[in-house]
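Quick note on labels: first sequence line is chain A, next is B, and so on, each numbered from 1.
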Amino acid sequence: MTNSPKSKGININSLNESQREAVIHTKGPSMVLAGAGSGKTRVITFKIAYMIDKLNIPASNILAVTFTNKAAKEMKQRIADLIPKSKLKGIYIGTFHALGVKLLKSHGKHLGLDPNFSILGESDQKSIIKQILIEHKYNPDKSDTFQFHISTAKNNLVSGEDIIIEGEDSIVFRDIFTAYQKRLINHNQVDFDDLIQLPFKLMRDFPEVKEKITKKVEHLLVDEYQDTNIAQYEIVKQLASHHNNITIVGDDDQSIYAWRGANYQNLFNFEKDFAGTKLVILSQNYRSTNNILQVANSVIKNNSQRKEKQLWSERGNGKEVNYTEYEDELSEALGVANSINVWKFRKNLNYSDFAILFRTNFQARSFEDALREKSIPYKIIGGMSFYERKEIKDIIAYLKLIHNTKDSVSLLRIINYPKRGIGDVSVKNLRDFAADKDLSLFDAISKTEETTTIPEKTAYQMQLFRDIILEYKEKFENTRSVLKTTDELIKDLNIVPEIYNLSKDPIEIQRRVKNVDSFKRIIERWENNPDTYMDENEPPSLKNFLHAFALVLENDSDEDEDSYENVVTLLTVHASKGLEFPYVHLVGFENGFFPHYNCFNVEEERRLAYVAITRAQDHLEITSCQKRKKFGQWEYRQPSPFLEEIPSSLINIQTVEQLEKQQNAKPDDESVKNFFKHLKDQLKK
DNA sequence: TGGTTAGTCGTTTTT
DNA sequence: CGACTAACCA
């Protein structure tokens with residue numbers, strides 16, 4: 001992350017002693033406890049480069065697992081900076097989930113899974129559970145609970161029959177779980193948790209498959225080990241079982257995914273699971289100033305469940321950490337936007353030097369407004385905004401249905417979009433008919449003459465719909481370009497004219513049409529970058545696109561384009577893990593966010609605060625609000641209790657007035673100069 | 001069937 | 001406040 005190499009080639013001497021130790025220990029198990037900013041990614045990338053370049057280990061025998069696509073991509077990039085790209089051929093670096101897809105594609109048939117399986121997104125999963133609940137005469141409003149328990153069961157490798165749920169009716173749950181599983185299998189679908197759980201079962205139950213897979217894994221490296229859940233932990237053990245060359249990297253203080261089943265104790269169990277583990281601790285921080293580190297340390301030390309470690313830095317004290325309490329979210333957002341501009345011009349910084357970190361996605365809104373008002377360019381990471389847009393979801397639903405006609409969730413979404421005169425009543429009748437004959441909705445369309453409940457005219461419309469899907473199924477199978485065929489589909493469906501039909505607001509129409517275009521560009525980029533998004537040996541196909549798409553749900557592709565742009569980054573603390581920024585604004589530092597209202601684990605919330613603080617390299621500004629609007633009503637707020645854990649000598653608590661006075665001080669010559677330079681740059685565009 | 005409208009409900013964090 | 005649904009009329 002820090003002190004990134006300037007020149008090509010591996011210079012082991014540019015590492016500190018602990019880092020070097022970790023890199024050259026390539027035989028047997030090793031564990032790297034890496035504090036925030038201690039060069040964790042650097043160790044992994046150097047280690048891989050070292051193995052390939054110096055030890056001549058074939059890249060195809062190395063497997064590196066990360067938690068996010070972004071981390072995987074960065075890792076690949078940074079190794080490519082160290083050694084010739086040709087030597088990297090065949091290496092696998094990817095997320096647990098992407099690895100799961102790969103394993104299931106090549107070996108899933110042993111589990112009765114067709115390689116064309118589709119991956120269920122969270123909302124699809126929810127609607128399926130809802131539907132099952134209705135079919136079983138249970139309250140569909142409880143789908144969230146069931147979704148959670150299904151996920152937990154899979155993450156913990158507990159099978160349906162063994163599930164015991166406190167306070168819930170375990171028998172009811174088992175019914176639902178069984179029905180859900182049956183439905184997924186029938187429809188050749190897997191959910192996110194299956195991508196981990198099924199490969200585990202595959203290797204457990206089919207030793208010859210396990211042998212085939214693990215033989216190739218000469219060296220296994222796992223990043224962010226503190227975030228592994230039971231299923232992932234077991235998979236790691238399986239993958240390493242043949243060669244026993246495994247490197248894990250992690251930091252118990254940065255474990256922030258317990259709610260997803262992660263257990264940072266896995267980190268400490270590692271030495272028990274792998275005898276003779278070489279332990280390396282990285283405690284020198286290259287990222288932050290000592291002021292920032294001390295603030296971070298003073299918070300995290302209040303956790304009882306942790307390995308004591310003190311990060312230190314040679315970077316000097318640096319600027320003091322500021323804390324400002326604003327009246328409401330509006331003034332908070334404006335204040336932060338203002339502060340960004342003041343710093344930018346005073347220090348001649350880029351907008352990309354700044355990040356705004358918040359606890360929940362919806363907080364982004366007020367900052368977006370403020371930044372737009374001040375003409376500060378920004379990007380939002382995560383937040384799902386793009387793929388949540390209606391027109392995108394509609395097109396995706398077409399692609400998904402074309403790929404897998406059993407995908408009833410997608411079918412229901414688009415059977416009457418664009419409008420073809422198929423109303424709710426007919427759809428319901430179709431569903432009843434399909435359920436009665438035990439057919440998928442799509443297959444039922446071909447048999448509508450067997451029922452009297454669907455009028456002939458409507459049935460005809462349904463058949464036209466079916467024919468489009470079948471027509472494009474064939475087209476996608478025979479094309480080399482997913483983009484071209486999708487484009488044709490969009491035109492055939494008259495999606496753009498339909499957008500004009502549905503809205504009269506020209507701005508909205510323009511926005512939606514632009515979204516459709518952006519979506520095409522995403523496909524285009526995917527198609528042109530086999531390296532980043534595809535398995536090298538597979539040609540672009542609808543199946544591959546949908547698999548990649550399901551895994552890269554984040555606005556990955558949006559951000560790609562912007563990543564070199566000079567813009568402020570807005571993101572949640574969770575999404576910020578692994579990243580660093582010179583200037584960090586940690587906003588909404590209030591009781592209710594830190595810790596969150598319904599948090600179940602205060603220590604995890606403290607770790608979250610720790611992660612947020614340690615993102616900052618040079619300067620940290622913490623803000624909160626006295627009141628904020630919740631559902632249109634004012635809600636009064638208190639500062640985060642974690643604030644009291646920071647000694648007053650480390651933090652400058654100032655009022656808004658003090659801050660403004662300081663900011664409104666007559667700008668120094670330097671600021672003025674920078675400001676005009678900025679204006680000039682703007683004019684050039 | 002389809003469009004409008006009133007009424008309800010909710011917001012952690014993500015692969 | 002705003003996204004989503006149910007209910008009602010054209």
From [atom1] of [X] over to [atom2] of [N], roughly how many Å is that when rounded to an integer?
X	N	atom1	atom2	answer
A:Glu498	B:dG2	CD	C1'	12 Å
A:Asp144	B:dG10	CG	P	10 Å
A:Trp259	B:dT15	CH2	P	9 Å
A:Asn229	B:dT14	CG	P	17 Å
A:Glu224	B:dT13	CD	P	19 Å
A:Ile381	B:dT14	CD1	P	11 Å
A:Asp424	C:dA6	CG	C1'	11 Å
A:His596	B:dG10	NE2	C1'	12 Å

Find which nucleotide of DNA chain B each of A:Ser426 and A:Lys630 is nearest to by heavy atoms, and output the residue with the more 5' nucleotide. A:Ser426

Among [options], which is the nearest nucleotide to the side chain of [X]?
X	options	value
A:Asn416	B:dT14, B:dG2, B:dT13	B:dG2
A:Thr458	B:dT13, C:dA3, B:dT1	B:dT1
A:Thr360	C:dA3, B:dT13, B:dT11	B:dT13
A:Lys419	B:dG2, B:dT14, C:dA3	B:dG2
A:Thr572	B:dT13, B:dT11, B:dT15	B:dT13

For the pair [X] and [Y], find out whether any cationic side-chain nitrogen is under 4.0 Å from an anionic carboxylate oxygen.
X	Y	answer
A:Arg512	A:Glu391	yes
A:Lys428	A:Asp424	no
A:Asp252	A:Arg607	no

With heavy atoms under 4.0 Å as the rule, sort [X] into base, sugar-phosphate or nothing.
X	answer
A:Asn598	base
A:Val425	sugar-phosphate
A:Tyr597	nothing
A:Gly423	sugar-phosphate
A:Tyr257	sugar-phosphate
A:Lys629	nothing

Is any side-chain nitrogen or oxygen of A:Asn69 closer than 4.0 Å to OP1 or OP2 of B:dT14? no

Between B:dT13 and C:dG2, how many Å separate the two C1' atoms, rounded to a whole number? 22 Å

Let's go through A:Gln226 and A:Glu224 carefully: what are the C-alpha distance in whole Å and the side-chain angles of both, what is the deciding distance for side chain to side chain donor-acceptor pair (under 3.5 Å) to 0.1 Å, and is it a yes or a no? CA-CA 5 Å; A:Gln226 77 280 356; A:Glu224 311 273 19; 2.8 Å; yes

Could you tell me whether the side chain of A:Asn591 and the main chain of A:Ser640 form a donor-acceptor pair under 3.5 Å? no

So is A:Arg306 actually on top of A:Tyr610's ring, under 6.0 Å and inside 45° of the axis? no

